Amino acid sequence: MPIPLLLIAPVPEFLREPLTQQYEMLDYHQAADKEAMLREHGARIRAIVGVGGSVAPPAWLDQLPAVEIISVNGVGYDGMPVDYLRGRGIRLSNTPDVLTEDVADTAVALVLMASRGLIRANRLLHANNWNEGASTLTTKATGKRAGIVGLGRIGKAIARRLAAFDMEIAYHGRHAQPEVPYAYHASVVDLAAWADFLIVATPGGAGTKHLINKEVLEALGTKGSLINIARGSIVDEAALIRALRDGVIKGAGLDVFENEPHVPAELLALDNAVLLPHIGSATIETRSAMAQLVLGNLAAHFAGQPLLTPVV
Ligand code: 8YV
């Protein structure tokens, strides 16, 4: 008998297909009547597959008494109630490392697109407007100051790349990391005041909610651009929209938003914001490696083996 598994988010076909073949996969994400699906099958479900932004509140998980493992197709698990999972003995896995380089590449692309006006120039030339595109001068990226909020695996990969652009690198996090060659700022406001690019690469969740607020944006000021490849929840989006609209900061490059896939109309209308639909890890190579980890963690768990990339 295949193991009943609940899919709570969209996944690529190369993950969906093996899940369908190897498990009794119930597509909760696309179910027309989600409550009916839980009523009918909730008591039997032994595994859940979600993505980085998936949220599984305790009250919802209470309806799934047989769940043993949640396998997240993403590095971030900020929507997962880790203490509750520990309490119930539910295992949790994610997909670290395999996506680090792609997400860092995306951060660098946003830095370049935001500073060099590449998106606008591309749009103008597609409209056959060579002159306007060619005559607009933008801001140099090389040699500027990059302030990284969250110097974890992805933050360090971004720092390595930007060092090749001769940028001065500094960072903010909960603790200084004496072994890294970059300056530590204990205050995110101080880091913003120093930086030309404030790059958010810290995990989401309650601990970082609206870490980037009005005060931080004012400190970043007209010299600065905000880049976010981490989680929308870390930035107070309403404050960011006001800062971009009123010229408090220079610009923004965003791959993540507070309420995905919703992007506020005010943000869509702003020319000084480069916006991407959460594609930081979206390459064939990386999403395939992530899928293998999701499947590998599930298989290991049900074979009684240690998880490949455990969180809990
Ligand atoms: C994915 C992410 O977009 O890893 C994460 O935390 O947010 C992204 O890599 C997401 O998990 C969808 O698969």
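Side-chain atoms are counted along with the backbone in the values below, which use heavy atoms only and exclude waters and symmetry mates. Every number for a ligand or one of its atoms is a count from 1 in the order of the listing. Everything quoted here is computed from the prediction, not taken from an experiment.
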K.L.:
What residue and heavy atom of the protein are closest to atom 4 (O) of ligand 1, and at what distance?
P.N.:
Val75 N, 2.7 Å
K.L.:
Can you pull out the closest protein heavy atom to atom 7 (O) of ligand 1? Residue, atom name and distance to 0.1 Å, please.
P.N.:
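Answer for atom 7 (O) of ligand 1: His278 NE2, 2.8 Å.
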K.L.:
Using heavy-atom distances only, which candidate in Leu99, Asn73, Val294 approaches atom 13 (O) of ligand 1 most closely?
P.N.:
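Residue with the shortest heavy-atom distance to the ligand atom: Asn73.
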K.L.:
Run Ser93 and Thr309 through side-chain hydrogen bond (donor to acceptor under 3.5 Å, both in side chains) and show every step you take.
P.N.:
CA-CA 6 Å; Ser93 63; Thr309 46; 5.2 Å; no
K.L.:
Could an N or O of ligand 1 be found under 3.5 Å from any N or O of Gly52, whether backbone or side chain?
P.N.:
yes
K.L.:
Checking salt bridge (Lys or Arg N to Asp or Glu O under 4.0 Å) for the pair Arg44/Glu24: CA distance, chi angles, key distance, verdict?
P.N.:
CA-CA 11 Å; Arg44 296 190 303 120; Glu24 179 195 343; 2.8 Å; yes
K.L.:
Considering non-hydrogen atoms only, spot the tightest contact between Leu220 and Leu226 and give its length.
P.N.:
CD2-N, 3.9 Å
K.L.:
Could you state the interatomic distance from CD1 (Ile227) to CE (Met113), rounded to the nearest 0.5 Å?
P.N.:
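The distance works out to 8.5 Å.
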K.L.:
Hey, is the main chain of Gly74 close enough, under 3.5 Å, to the side chain of Thr95 for a donor-acceptor pair?
P.N.:
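Flag set: sc Thr95 to bb Gly74 pair under 3.5 Å.
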K.L.:
For ligand 1, which is the ligand I care about here, please tell me if Val51 has any N or O atom under 3.5 Å from one of the ligand's N or O atoms.
P.N.:
no
K.L.:
Please identify which atoms of ligand 1 are closer than 4.0 Å to at least one heavy atom of Gly76.
P.N.:
4 (O), 5 (C), 6 (O)
K.L.:
What protein heavy atom is closest to atom 3 (O) of ligand 1, reported as residue, atom name and distance in Å?
P.N.:
Arg287 NH2, 3.1 Å
K.L.:
Using a 4.0 Å cutoff against the non-hydrogen atoms of Ser281, which atoms of ligand 1 qualify?
P.N.:
1 (C), 3 (O), 8 (C), 9 (O)
K.L.:
Using a distance-only test with no angle check, is there a side-chain donor-acceptor pair under 3.5 angstrom linking Thr139 and Arg116?
P.N.:
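There is no such pair (donor and acceptor under 3.5 Å, judged by atom type) between the side chains of Thr139 and Arg116.
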K.L.:
Determine whether a donor-acceptor pair (N or O, by modelled atom type, separation under 3.5 Å) exists between the side chain of Arg46 and the backbone of Glu68.
P.N.:
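Checking the backbone N and O of Glu68 against the side chain of Arg46, no donor-acceptor pair under 3.5 Å is found.
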K.L.:
Consider every N or O of Thr95 and every N or O of ligand 1, then say whether any pair is closer than 3.5 Å.
P.N.:
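No.
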